Amino acid sequence: MERDAVSGEWVARFRRNVRRWYARGGRDLPWVGERDPYVVWVREIMLQQTTVTAVVPYLDRFLKRFPTVESLAGAESAEVLRVWEGLGYYSRARNLSRGAKMIVEEWGGQWRNTATELQSLPGVGPYTAGAIASFAFDQSAGIVEANTARFYARLLALRSDLHSGEGRRQLWSLAERIVPRDRPGEFNQALIDLGATVCGVTPQCQECPVRGSCRSLELGEVERIPARASRRDVTDVFELLVVMRRGKRLLLIQHPDGERWGGMWGFPALSRDRALARSRFDERLIESEVADWGCDVEFQEWMDEFQHGVTRFRLHLQPIVAMWRSGSWEGPVTAEWVGIDELATRPLSVAGRRVATRVERILRHNGAQA
DNA sequence: AAACCGGGGCC
DNA sequence: GGCCCAGGTTT
């Protein structure tokens, strides 16, 4: 059946219908027609697991700051992370830094143009490689991402889990047979736009240019395909964030690569198994635990606690302020005393930025009173 | 091939 | 709070 679905005649008609639809139904995205491989690469990395709406302002800002692969290769990783702050999945920014150095130093600044070669860049997998190859280099490489996967699954009425080996095999098989030799980048963009609009999560089949070929529409199962992915349970995490103050400086730690917020800066955390009671007893306990990091501190104040979701975790964060009295950081991760005025230049996690902003406000208020 | 990665926006 | 997002890497 799958073989019949992609006969030469079927493919030719499918392509004509998709192209005709795209001419009037395609989205007016800011990057339509972009061919610069560097710009396409940065854009596609940003779009991994991230909505177009979220990416647009970040891409604009990123390319203004790092307009060429050479400028990115020459930048400090912290500077790249600062531009990335708030977009999430920070390993992508570190991969861009590494990849830029690789392109400049190992490739001599010369881009490779096949999907296979492009996959050797860190953070570039089958989708991103196919996207760069087709958009920037006019290679007839197939693509499968969220929009095309949903579209293909409905088109062929695929019942397998799209993330399973079987599901992926079926999707990529179709993608590679369906992409044309002529203007493959434009065609791939058309497929994505079709999957993002007409064949979105809520399908609008009456507007679909290939509804006559859609197997799940024929079977009346468009609403049930693709199957919902199972979701992992949320795990609650309770942490106490210690804002250590020493004059006009705060102690920031750098989150290790491979852990939450890897590469970003933030405040040292004490793990708890539940929320704290804000008692005198807790205050003394905190002082004694901070002493294990080599710093003698005096508890100063409880700040407003807040929640922050990251992937499958729900963080319950309780920031406190403690005055440094003596000692130096001997904790398990890199740390630095950073001036209040310098906080704006450091890459902080969204939660860390929230705490930093509140501390700045508190200190300004106290300063005005003094 | 499944599990994990450990974010954030939108409704 | 549930659902989804122009995926990639690890085990």
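Computed from a predicted structure; not experimentally measured. Numbers restart at 1 for each chain; the letters A, B, ... are given by sequence-line order, proteins then strands.
Atom CD1 of Ile143(A) sits about 4.0 Å away from atom CG of Asn188(A), to the nearest 0.5 Å. For the atom pair Leu171(A) CG and Glu166(A) CD, the distance stands at 10.0 Å (nearest 0.5 Å).
Under 4.0 angstrom from either OP1 or OP2 of dG8(B) there lies at least one side-chain N or O belonging to Tyr90(A). Within the 4.0 Å cut-off from OP1 or OP2 of dG8(C), at least one side-chain nitrogen or oxygen of Thr128(A) is found. Side-chain nitrogen and oxygen atoms of Gln49(A) include at least one within less than 4.0 Å of the OP1 or OP2 phosphate oxygen of dG7(C). Proximity of His308(A) to the phosphate of dG8(B): a side-chain N or O atom is located under 4.0 Å from OP1 or OP2.
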List every contact pair, protein side and nucleotides 9-11 of chain C side both N or O, where the distance is under 3.5 Å.
residue	atom	partner	partner atom	Å
dT9(C)	OP1	Gly123(A)	N	2.8

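We find that Glu360(A) and Arg364(A) are not joined by a salt bridge, their nearest charged nitrogen and carboxylate oxygen being 4.0 Å or further apart. By the 4.0 Å N-to-carboxylate-O rule, Glu239(A) lies too far from Arg272(A) to be salt-bridged with it. In summary, Arg278(A) and Asp282(A) do not engage in a salt bridge, as defined by a charged side-chain N under 4.0 Å from a carboxylate O.
Residue-level contact check: Leu162(A) touches neither bases nor backbone, having no heavy atom under 4.0 Å from any strand.
Residue-environment remark: CD (Gln206(A)) exceeds the threshold of 12 foreign heavy atoms within 6.0 Å.
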